[in-house]
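Side chains included, hydrogens not; waters and symmetry mates left out as well; all remaining heavy atoms used. Residue numbering restarts at 1 for every chain, and letters A, B, ... go by the order of the sequence lines.
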Protein chains: 2
Amino acid sequence: MGRLPAYLRALLDADADGDATVSSEHLAQRTGANPATVRRDLASLGITGTRGVGYDVKYVVFRINSELGLSSEWPVIIVGVGNLGRALSNYRGLSSRGFPVKALIDIDRSLVGLEISGLTVRHLDELSDVVDEVGAAAAIIAVPPDSAQAVADALVAAGIRSILDFTASSLDLPAHIAVRPVDLATELQILSFYQQRGSAVGDGHGMPLEHA
Amino acid sequence: MGRLPAYLRALLDADADGDATVSSEHLAQRTGANPATVRRDLASLGITGTRGVGYDVKYVVFRINSELGLSSEWPVIIVGVGNLGRALSNYRGLSSRGFPVKALIDIDRSLVGLEISGLTVRHLDELSDVVDEVGAAAAIIAVPPDSAQAVADALVAAGIRSILDFTASSLDLPAHIAVRPVDLATELQILSFYQQRGSAVGDGHGMPLEHA
DNA sequence: TTCTGTGAAATAGTTCACAGCG
DNA sequence: CGCTGTGAACTATTTCACAGAA
């Protein structure tokens, strides 16, 4: 959409002014668009704001930048080659959207060396080397819950700074590490709530986050 | 709403720490919400605290549990017995938290009849029967994206009202159906945003956050 | 004092109607 | 005609700010 560059300029101005959030009204005034149009444009990119607050300036800048083609690839590694890890290793939705799975790691030496989805399973001891080799910045943890903390510590030591965690454990990590839990039971709890209420439900793609 | 499970977790932690009461401020910090939002959420459930003191931990846990329907089991079925479906079928995190997987469905007749994780794969044509047999209220869609809509329609026709969708497709469904997409690429995108900015991220399990 | 409960304000998300265009 | 984009209007949600109970 041709309005994106205009939004981007307005957002960069707001950022320079130190504004953390902007309203659709604010963006509309700076770009000559209608506030409703701004909201719809952002919504069409999957960008969501907070009612009563507005849009997160830095986040929207980031999203528009990637939308304008500056999207680079983000290699990802998967730790844990059990059922789930294998399933994720050839999950199309990842590579097709700029997150190619570049390595598989396990602690079980009987799995090391196996060829899965075109990748050779490597041992956890080699983690640092693997991370450097593939230039991974993010990792997916798909191990049993009791190993989760140890794996997470190893990942951090190896230089990984973003973690997608399937173990439903509350990981204790340094503040500069970004973690997103993927917790199906919690998702189902939310669904059960809505079902009991018969009311509609959100898209679930919440935004940003909080502390660590 | 989606914040209830996050509150619940924070409350269980507080309970484990021996706290008899919590303030809305405390809950807010642990879940990334605003204190006023916490108070309004609880008030909307008819939960009332004590001014100057806070909320009774055990009472709120009890109330949220019943609100989420966690007192009883919620049978779940999985549609799509590919890698992902198989992985999820013995995912401990589901049954251990009240969401036992009670049936596996596929459209591929060569898979029908197979025994996986102690369940016999059934054909999509039998969906209505299966749903009735196991008393399922929720379903997980783990099929290729192009079949997602058709499967969702079949689920709705069979009486399912809550859907967890792994296909990253935007499903078109009646308003009374609750859907939660599980979209790893979007999760990674959010992580990459935080990593780029070096700022910290939330513990997750929670929802949205500070001003988004 | 501390901390809940809530009215008021801000602002996103959604729906409706219409205009322009194939 | 039907589709697409847009503005206006409406609804829902979040946060602020403050009154007032314990």
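Atom CD1 of B/I107 has 12 or fewer heavy atoms from other residues, nucleotides or ligands within 6.0 Å.
Residue A/D41 contributes atom CG, which lies 15 Å from atom P of C/dT14 at whole-angstrom precision. A straight line from CD of A/E25 to P of D/dG7 spans 12 Å, rounded to a whole angstrom. A straight line from NE2 of A/H26 to P of C/dA12 spans 11 Å, rounded to a whole angstrom. Between A/Q29 atom CD and D/dG7 atom P there is a gap of 14 Å when expressed in whole angstrom units. Atom CG of B/N34 is separated from atom P of C/dC3 by 16 Å (rounded to the nearest Å).
Considering only residues two or more places apart in sequence or on other chains, A/R92 meets the side chain to side chain donor-acceptor pair (under 3.5 Å) condition with none of them.
Of the possible donor and acceptor atoms, none in the side chain of B/R3 sits under 3.5 Å from a partner among the backbone N and O of B/D41.
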Show your working on salt bridge (charged side-chain N to carboxylate O under 4.0 Å, His left out) between B/R9 and A/D183 and close with a plain yes or no. CA-CA 12 Å; B/R9 213 178 58 143; A/D183 182 349; over 6 Å; no
Please enumerate all protein N or O atoms sitting under 3.5 Å from an N or O of nucleotides 5-11 of chain C, with distances to 0.1 Å.
residue	atom	partner	partner atom	Å
C/dG5	OP1	B/T48	OG1	2.4
C/dG5	OP1	B/G49	N	2.8
C/dG5	OP2	B/Y55	OH	2.7
C/dG5	O4'	B/R51	NH2	2.9
C/dG5	N7	B/R39	NE	2.8
C/dG5	O6	B/R39	NH2	2.8
C/dG7	N7	B/R40	NH2	3.4
C/dG7	O6	B/R40	NH2	2.2
C/dA8	N6	B/R40	NH2	3.3
C/dT11	O4'	A/G52	N	3.1
C/dT11	O2	A/G52	N	3.2

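Ring pair B/F193/A/F62 is tilted by interplanar angle, where 30° to 60° counts as tilted.
Counting only N and O atoms by type, the side chains of A/S162 and A/R180 include no donor and acceptor under 3.5 Å apart.
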